[in-house]
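First up is the structure itself, then whatever we jot down about it.
Numbers restart at 1 for each chain; the letters A, B, ... are given by sequence-line order, proteins then strands.
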There are 2 protein chains.
Amino acid sequence: MATDMEELQADNDALLGAEKVFSFFRKALLDGRLKPGDRLLSERELSLSLSVSRPVLREAFRALAMLGFLDIRHGKGAYVKGPDISVLTDFLTFSLAQQPDILDDVMQARIAIECQAIRLACERAGDADLAAIGGRLTRLMDTLDDPEAGGEADYAFHLAIVEAGRSAALVTLYQAISELLKRSHTARRQLTVGVQGIRDYLVDAHREVFLSIVARDPDAAEARLREHFAIGDELRRKSMLAAYAKIGRPDS
Amino acid sequence: MATDMEELQADNDALLGAEKVFSFFRKALLDGRLKPGDRLLSERELSLSLSVSRPVLREAFRALAMLGFLDIRHGKGAYVKGPDISVLTDFLTFSLAQQPDILDDVMQARIAIECQAIRLACERAGDADLAAIGGRLTRLMDTLDDPEAGGEADYAFHLAIVEAGRSAALVTLYQAISELLKRSHTARRQLTVGVQGIRDYLVDAHREVFLSIVARDPDAAEARLREHFAIGDELRRKSMLAAYAKIGRPDS
DNA sequence: TTGACATAAGTGGTATGACCACTGTATGGC
DNA sequence: GCCATACAGTGGTCATACCACTTATGTCAA
């Protein structure tokens with residue numbers, strides 16, 4: 001992936017060991033010789049065929065598996081996997097996790113993606129998309145008292161909106177930050193679970209967002225969504241203040 | 001990275017070979033024993049210390065290098081590298097490249113990120129950020145006639161806006177799609193280079209966006225930006241139509 | 001005949017030891 | 001003092017052997 005096409009014509013032995021394997025794999029994938037689901041030759045055969053040693057071939061295999069392009073199963077063989085977003089998710093999670101307050105900052109990415117997706121959803125969503133969002137809304141109402149399940153339902157609802165936008169790029173990015181988003185969701189729920197009137201608010205806010213999509217009004221939908229985020233932020237801040245205040249006093 | 005924290009307490013030998021290496025590496029990174037720039041023990045020493053064979057350790061090393069966490073230099077050793085976005089970029093480019101029309105769809109992600117970032121920029125941008133954007137604007141005006149340099153200047157301008165938003169998550173995502181964005185930029189410039197009044201439009205549109213940020217008016221800034229995108233889309237469509245019409249006729 | 005079990009072949013997983021190629025340093029002669 | 005060679009340490013590669021898992025095949029007993 002990193003290197004360019006310079007060596008595409010060269011199946012020759014000028015390459016440095018593992019590069020030969022990567023080159024072979026890339027080419028085979030691009031010209032259709034290998035498709036997701038295909039089974040590769042065994043390590044012994046392939047290493048012979050590419051004239052590299054088995055350890056070298058295994059290094060390359062392991063790296064490809066790490067990147068999600070191969071699924072290696074003990075005793076069965078190595079199978080080609082389509083590009084898998086989970087790798088991207090892991091990598092992003094790990095990269096961003098280094099910084100403090102990332103759970104707050106990832107909220108900005110969430111707002112960005114959802115606000116654009118909801119606009120698209122107003123134009124592009126089909127009946128199935130709307131039904132999916134509605135279903136998640138029901139699920140959300142059923143799990144109001146459980147921070148864990150509630151957080152997941154919340155995430156599922158918003159994911160359905162993004163998917164309704166029918167933009168592969170937006171969905172991919174959203175999935176890429178999904179791990180951090182889920183954490184953020186449950187963390188927020190745990191903070192705000194005791195707030196006065198939170199149940200009614202959650203239901204109303206999400207329903208209004210949903211109805212705006214059904215009405216196919218992009219500006220209103222985005223506005224509702226932004227409002228939802230702003231209020232959520234406000235609630236969260238108050239809850240944190242309350243929590244700190246409680247810590248300060250004796251908790252009789 | 002993929003697995004969770006269950007085995008964090010287990011330095012024991014319950015792990016499957018390569019996992020031991022990953023576990024060690026992850027732990028050492030998280031508790032600060034390893035920092036970017038550090039040199040790892042030699043393969044022979046480390047394999048002994050982790051009680052795995054050298055080939056297994058090398059497989060893990062190769063995978064980590066592939067992911068950008070290690071820089072392995074022949075004859076010198078293996079050095080820890082900070083997370084490198086370029087891996088993410090490559091992966092995203094490769095994953096999304098499979099689908100047709102991705103260059104159009106990635107525009108949705110771009111709009112999403114920039115529209116949110118410009119809102120943040122209105123609140124958070126410092127003088128240095130504004131100066132940076134201004135500088136890119138000048139550069140943009142100087143390269144109006146060169147599709148290549150012009151495309152890059154265009155990209156640089158918008159990147160400066162995103163950076164002015166001071167959100168690590170947004171910047172990271174933007175960089176992740178940067179490769180596709182750059183292609184998109186130059187492709188658009190090549191299409192619209194001959195359009196009547198395009199030079200004046202480009203300057204005016206970008207300047208207005210810039211001035212909105214300076215005025216610190218989020219709603220206006222986002223509106224200007226969306227308008228810019230919409231008009232760009234319109235221009236591009238017209239140009240494509242014109243190009244097709246020209247092909248239909250004899251090009252005397 | 002049919003079921004369950006044992007066996008064998010093929011696969012990935014690991015280990016060992018040796019050797020090559022590259023790098024930096026130390027040691028020798030000049 | 002300086003340069004060139006030799007050496008030690010490193011990653012890079014290889015060949016071989018063996019272990020563990022999966023599957024299919026075949027065999028034996030009910």
> Would A/Arg188 and A/Met107 satisfy side-chain contact (heavy atoms from CB on, under 4.5 Å), going step by step from the backbone distance to the final call?
Replying inline: CA-CA 11 Å; A/Arg188 273 153 193 269; A/Met107 195 65 193; 3.8 Å; yes

Please determine whether a side-chain nitrogen or oxygen atom of [X] lies at a distance below 4.0 Å from atom OP1 or OP2 of [N].
X: B/Arg73; N: C/dG24; result: no
X: A/Arg44; N: C/dG10; result: no
X: A/Lys76; N: D/dC21; result: no
X: B/Ser53; N: C/dT14; result: no
X: A/Arg58; N: C/dG13; result: yes

Roughly, in whole Å, what's the span from [atom1] in [X] to [atom2] in [N]?
X: B/Leu48; N: D/dT10; atom1: CG; atom2: P; result: 13 Å
X: A/Glu43; N: D/dT16; atom1: CD; atom2: C1'; result: 15 Å
X: A/His74; N: D/dC21; atom1: NE2; atom2: C1'; result: 4 Å
X: B/Leu46; N: D/dT10; atom1: CG; atom2: P; result: 12 Å
X: B/Arg62; N: D/dG12; atom1: CZ; atom2: P; result: 6 Å

> Does the side chain of A/Arg136 pick up a donor-acceptor pair with the side chain of A/His158 at under 3.5 Å?
Replying inline: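 No, A/His158 and A/Arg136 have no side-chain donor paired with an acceptor closer than 3.5 Å.
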
>> Suppose we call a contact any N or O donor and acceptor under 3.5 Å apart; does that hold for the side chain of A/Arg54 and the base of C/dG13?
In response: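 Under the 3.5 Å cut-off, the side chain and the base do form a donor-acceptor pair.
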
> For the residue pair A/Phe91 and B/Phe69, is the inter-centroid distance of their aromatic rings smaller than 6.0 Å?
Replying inline: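 Yes.
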
>> Looking at A/Arg139, I want to see if its CZ is surrounded by more than 12 non-hydrogen atoms of other residues, nucleotides or ligands under 6.0 Å.
In response: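 Result for CZ/A/Arg139: open.
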
>> Can you identify which nucleotide, out of D/dG11, C/dG12, C/dT14, has its nearest atom closest to the A/Ile72 side chain?
In response: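 Of D/dG11, C/dG12, C/dT14, C/dG12 is nearest to the side chain of A/Ile72.
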
